[in-house]
Amino acid sequence: MIFFSNPRRSVLSASSAFYLSFKPEALMSKKITTRSENYSDWYIDIVTRAQLADYAPVKGCMVIRPNGYEIWEKMQSVLDKMFKDTGHRNAYFPLLIPESFLQKEAEHVEGFAPECAVVTHGGGKKLAENLMLRPTSETIIWHMYSKWITSYRDLPLLINQWCNVLRWEMRTRLFLRTTEFLWQEGHTAHAAKEDAEEETLKMLNVYKTFAEEYMAMPVTAGLKTESEKFPGAVNTYTIEAMMQDKKALQAGTSHFLGQNFAKAFDVTFQDEAGERRHVWASSWGVSTRLIGALIMCHSDDQGLVLPPKLAARQVVIIPIWKGDDEASRVIECAHKIKEELSVKFSVHVDDRRQYKPGWKFNEWELLGIPLRIEIGPRDLESGNVVLSRRDKKEKSTVPMKSVSDETARLLETIQKDLFQRARDFREANTFLADDFQGFKERIEENGFYRIHWCGQGKCEERIKEETKATIRCIPLDAVEESGKCIVCGAASPRRVLAGRAY
RNA sequence: CGGGACGUGGCUCAGCCUGGUAGAGCACUGCGUUCGGGACGCAGGGGUCGCAGGUUCAAAUCCUGUCGUCCCGACCA
């Protein structure tokens with residue numbers, strides 16, 4: 001039986017609720033709340049109507065449905081390749097971690113203990129030692145690393161794992177913050193401090209590349225402040241993105257762990273000189289939260305908008321007809337085009353007879369398919385097809401002969417335009433702020449603010465209390481610019497990025 | 001965990017105040033007509049009213065508890 005750290009009920013009550021709240025397929029019909037009406041409702045509508053996820057019977061948990069899981073699989077395959085190309089290998093560590101492991105690193109236990117779920121019973125008996133459901137795997141991994149690492153020849157050790165983790169969150173939101181979520185966590189061990197630091201930044205850069213080139217989502221890479229860093233890290237780096245409501249979202253993190261875990265778990269190696277030393281470490285992760293980021297970055301009031309590089313289905317072909325013989329001719333042509341395009345793209349022909357074309361247009365727009373090809377009797381006659389891009393309400397008529405080239409060109413353009421538009425939006429909503437009072441007023445409209453900050457925790461705390469904004473990061477590309485802290489007026493060497501966040 | 005709103009066919013909701021045979025629209029199934037931006041007709045199927053107690057001859061309706069979702073605050077990827 002499983003109890004959580006604030007034990008209120010057993011799993012038994014949850015399982016009876018399962019049958020009662022479980023509901024089969026919900027079909028889309030209702031209109032989506034617009035972003036201007038209510039941004040939160042809009043987000044929930046997109047996730048549920050596009051059938052990306054549904055609420056699970058357990059509080060804070062979600063079911064990732066095929067439409068959503070498909071996106072995660074795409075993300076995984078791209079990232080996994082990037083990890084392997086940088087020398088990492090995958091492994092799997094267990095879900096259950098002895099409670100005592102968490103205690104070994106002081107900051108780590110303080111940070112994670114409150115949000116841990118704990119298993120107290122197994123096989124009908126109380127356990128000798130409680131087991132935690134991993135909130136992150138540093139402890140179990142470093143326990144194992146201490147057995148595996150003995151020589152400098154064992155280093156660097158570069159391991160990644162794809163898994164689920166559990167954090168008992170107070171307020172949850174589909175994809176953005178759920179009790180259980182899927183992620184990847186890389187854990188590396190190095191002989192030299194510089195190697196671990198380099199690794200930390202290298203992986204941060206992998207995330208930035210992924211966000212910008214695949215998700216078409218511009219991000220700011222930077223260093224987290226002391227109060228925002230990962231419990232147990234020396235430094236935490238982040239990529240921060242701006243959502244369409246002008247709030248910040250932390251999309252990925254990379255930590256330089258110093259020797260904190262190596263010391264806590266006694267991970268040492270002999271160097272070339274035969275001397276025993278502690279290893280240096282990094283860890284880094286991105287989660288299914290990226291799906292939430294993707295939605296909030298690009299989607300509109302019609303539904304999901306997917307960048308071509310992450311769309312499981314990139315092109316949908318809608319045949320249009322009157323009468324049965326016309327139908328068979330048009331559908332045949334649609335499949336021919338599909339075959340031609342399938343060499344390079346993933347293509348779907350929607351030849352369902354029970355829906356009219358207009359209905360299908362709306363449905364596929366809801367699902368975010370980047371490009372739609374419409375083909376009807378008029379096109380058969382003229383030898384053309386109509387291409388309609390999802391990101392803009394633009395249709396073009398192109399000769400059937402060049403459909404493959406045009407598709408390639410358009411998908412590439414869509415990918416680029418999505419990024420460009422997101423970047424323009426971010427730039428248009430990023431401001432310099434030098435006066436605290438003005439900042440406090442302006443922040444009501446969200447946005448990013450580049451402010452001077454002296455580096456003191458108490459000034460950071462005041463910003464948080466008076467504006468509800470946080471210092472998102474100290475951008476890596478921040479230019480040297482001497483100024484005065486927006487709160488206390490003390491000297492500041494460069495501007496930091498602040499804003500309200502998810 | 002505090003404040004607010006809400007749980008009734010798959011979806012959106014009415015019915016509840018004043019207890020007495022569970023409803024509508026959409027969706028779904030069958031047949032026919034339709035088909036270039038969310039078609040129409042006819043005929044069907046489907047709900048122990050979130051859950052558990054209680055009051056009552058009788059509870060979707062009244063009472064108590066509980067679970068869940070959304071919004072607003074304190075914690076976080």
Side-chain angles (χ1 to χ4, degrees), chain A residues 6 8-9 13-14 16-31 33 38-41 43-45 48-49 54-62 111-115 135-136 165 167-185 207 224 228 230-231 236 238-240 249-255 284-293 302 318-324 326-327 330 351-366 372 374-380 385-386 388 393 395 397 464-465 468 470 501-502:
Chain A
N6 183 7
R8 278 174 302 179
R9 65 199 155 80
S13 57
S16 62
F18 174 81
Y19 295 100
L20 297 155
S21 57
F22 176 79
K23 283 162 188 157
E25 192 86 352
L27 287 161
M28 60 216 97
S29 59
K30 272 288 179 174
K31 71 169 199 300
T33 308
N38 185 327
Y39 195 81
S40 299
D41 285 353
Y43 175 78
I44 303 293
D45 281 352
T48 54
R49 302 260 155 77
D54 202 354
Y55 293 101
V58 177
K59 182 184 168 85
C61 293
M62 68 172 167
F112 281 107
E115 50 185 84
T136 178
V165 287
R167 295 181 188 176
W168 210 245
E169 300 290 352
M170 307 234 174
R171 257 183 86 185
T172 56
R173 239 140 117 47
L174 296 169
F175 289 114
L176 297 175
R177 181 169 301 110
T178 45
T179 299
E180 179 188 8
F181 57 96
L182 304 182
W183 77 345
Q184 101 356 258
E185 47 181 327
Y207 290 155
K224 280 289 188 192
E228 298 271 326
F230 176 78
T236 288
T238 176
I239 50 170
E240 297 284 327
L249 182 81
Q250 180 172 314
T253 51
S254 185
H255 317 290
W284 27 273
V286 292
S287 71
T288 37
R289 170 180 259 199
L290 287 180
I291 297 171
Q302 271 67 54
I318 313 274
I320 298 156
W321 63 78
K322 289 192 179 81
D324 278 348
E326 212 170 77
V330 172
D351 54 10
R352 291 176 294 177
R353 295 190 177 236
Q354 70 266 39
Y355 298 114
K356 291 177 71 176
W359 192 94
K360 295 178 183 175
F361 294 170
N362 283 286
E363 189 190 33
W364 291 107
E365 279 166 13
L366 171 62
R372 178 176 72 232
E374 306 169 17
I375 171 156
R378 287 207 305 259
D379 304 300
L380 286 190
V385 292
V386 175
S388 176
K393 291 284 172 190
K395 288 192 188 190
T397 305
K464 200 171 169 179
E465 270 171 24
K468 290 181 204 155
T470 48
Y502 277 94

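The chains referred to below are lettered A, B, ... by the order of the sequence lines, with proteins before strands, and numbering in each begins at 1. This one's a predicted model, so the numbers in the text were calculated from it and none came from an experiment.
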Worksheet entry | Nearest-angstrom distance, P atom, G15(B) to C6(B) | 12 Å
Item to complete: Sticking with atom P, work out how far G37(B) lies from A77(B), rounded to a whole angstrom.
Response: 48 Å
Tabulate below the donor-acceptor pairs under 3.5 Å that side-chain atoms of residues 285-292 of chain A make, not counting sequence neighbours, or state none.
from: Ser287(A); atom 1: OG; to: Arg289(A); atom 2: N; distance (Å): 3.0
from: Thr288(A); atom 1: OG1; to: Leu182(A); atom 2: N; distance (Å): 3.4
from: Thr288(A); atom 1: OG1; to: Leu182(A); atom 2: O; distance (Å): 3.3
from: Arg289(A); atom 1: NE; to: Leu176(A); atom 2: O; distance (Å): 3.1
from: Arg289(A); atom 1: NH1; to: Gln250(A); atom 2: O; distance (Å): 3.0
from: Arg289(A); atom 1: NH2; to: Leu176(A); atom 2: O; distance (Å): 3.4

Discussion item. Between Lys360(A) and G37(B), is there a contact of a side-chain N or O with OP1 or OP2 at under 4.0 Å?
Written reply: no
Worksheet item: Which is true for Gly60(A) with a 4.0 Å heavy-atom rule: it touches a base, it touches only sugar-phosphate, or it touches nothing?
Response: sugar-phosphate
Worksheet item: Using purine N1 to pyrimidine N3 plus N6-O4 or O6-N4 for Watson-Crick, or N1-O2 and O6-N3 for G-U wobble, each under 3.5 Å, what pairs with C26(B)?
Response: G10(B)
Fill in: Donor-acceptor pair (no angle test) under 3.5 Å: Glu365(A) side chain, G38(B) base
no
Discussion item. Applying the Watson-Crick and G-U wobble criteria at under 3.5 Å, what pairs with G2(B)? Answer none if nothing qualifies.
Written reply: C72(B)
Worksheet item: Between Arg372(A) (CZ) and G38(B) (P), how many Å, whole number?
Response: 12 Å
Worksheet item: Donor-acceptor pair, Glu326(A) side chain versus Lys322(A) backbone, under 3.5 Å?
Response: yes
Worksheet entry | Strand partner of G41(B), provided both Watson-Crick or wobble distances fall under 3.5 Å | C31(B)
At a cut-off of 3.5 Å, list every protein nitrogen or oxygen paired with a nitrogen or oxygen from nucleotides 29-36 of chain B, distance to 0.1 Å.
from: C35(B); atom 1: O2'; to: Trp321(A); atom 2: O; distance (Å): 2.6
from: C35(B); atom 1: N3; to: Trp321(A); atom 2: NE1; distance (Å): 2.9
from: C35(B); atom 1: N4; to: Trp321(A); atom 2: NE1; distance (Å): 3.3
from: G36(B); atom 1: O6; to: Gly376(A); atom 2: N; distance (Å): 3.4
from: G36(B); atom 1: O6; to: Gly376(A); atom 2: O; distance (Å): 3.2
from: G36(B); atom 1: O6; to: Pro377(A); atom 2: N; distance (Å): 3.3
from: G36(B); atom 1: O6; to: Arg378(A); atom 2: N; distance (Å): 2.7
from: G36(B); atom 1: O6; to: Asp379(A); atom 2: N; distance (Å): 3.1
from: G36(B); atom 1: O6; to: Asp379(A); atom 2: OD2; distance (Å): 3.0
from: G36(B); atom 1: N1; to: Asp379(A); atom 2: OD2; distance (Å): 2.4
from: G36(B); atom 1: N2; to: Asp379(A); atom 2: OD2; distance (Å): 3.4

Discussion item. Rounded to whole Å, how long is the line connecting atom CZ of Arg352(A) with atom C1' of C28(B)?
Written reply: 14 Å
Practice prompt. Indicate the atoms forming the closest heavy-atom contact of Pro135(A) with Val165(A), along with that distance.
Written response: O-CB, 3.8 Å
Practice prompt. Whole angstrom is fine here: how far is it from CD in Gln302(A) over to P in G38(B)?
Written response: 14 Å
Worksheet item: For atom P, what is the distance between G20(B) and U61(B), given to the nearest Å?
Response: 10 Å
Item to complete: Identify whether the distance between the nearest side-chain nitrogen and carboxylate oxygen of Asp324(A) and Arg353(A) falls below 4.0 Å.
Response: yes
Worksheet entry | Side-chain donor/acceptor of Asn362(A) to backbone N/O of Trp359(A), under 3.5 Å | no
Practice prompt. Write down the atom of Trp364(A), the atom of Arg352(A), and the distance for their closest heavy-atom approach.
Written response: NE1-NH2, 4.2 Å
Practice prompt. Summarise protein proximity over nucleotides 70-77 of chain B in one line of letters, 5' to 3': B for base, S for sugar-phosphate only, - for none, counting protein heavy atoms closer than 4.0 Å.
Written response: SSSBBBBB
Item to complete: Measure the CD1-CD1 distance between Ile318(A) and Ile375(A) for me, rounded to the nearest 0.5 Å.
Response: 12.0 Å
Worksheet entry | Thr33(A)-Asn38(A) side chain donor-acceptor pair, cut-off 3.5 Å | no
Discussion item. If I pick the C1' atom on A24(B) and the same atom on C63(B), what distance separates them, to the nearest angstrom?
Written reply: 30 Å
Worksheet item: Between G30(B) and G73(B), how far is it from one P atom to the other, in whole Å?
Response: 49 Å
Discussion item. Taking the C1' atom in each of G47(B) and G7(B), what is the distance between them to the nearest angstrom?
Written reply: 14 Å
Fill in: C1' atoms of G3(B) and G44(B), separation to the nearest Å
48 Å
Worksheet entry | Check: Tyr43(A) side chain, Leu174(A) main-chain N or O, donor-acceptor pair, under 3.5 Å | yes
Item to complete: Please report the closest heavy-atom contact between Leu249(A) and Tyr502(A), naming both atoms and the distance.
Response: CD1-CB, 3.5 Å
Fill in: Heavy-atom pair of closest approach, residues Arg177(A) and Arg171(A)
CD-O, 3.3 Å
Fill in: Complement of U66(B), any strand, by Watson-Crick or G-U distances under 3.5 angstrom
G50(B)
Worksheet entry | salt bridge (charged side-chain N to carboxylate O under 4.0 Å, His left out) involving Arg372(A) - partner list, sequence neighbours excluded | Glu365(A), Glu374(A)
Worksheet entry | Inter-nucleotide C1' distance (G45(B), U55(B)), Å rounded | 37 Å
Is there any protein nitrogen or oxygen under 3.5 Å from a nitrogen or oxygen in nucleotides 42-45 of chain B, and what are the pairs?
none

Item to complete: Can you sort out the partners of Thr236(A) under side chain to side chain donor-acceptor pair (under 3.5 Å), two or more places apart, ordered by chain and number?
Response: His255(A)
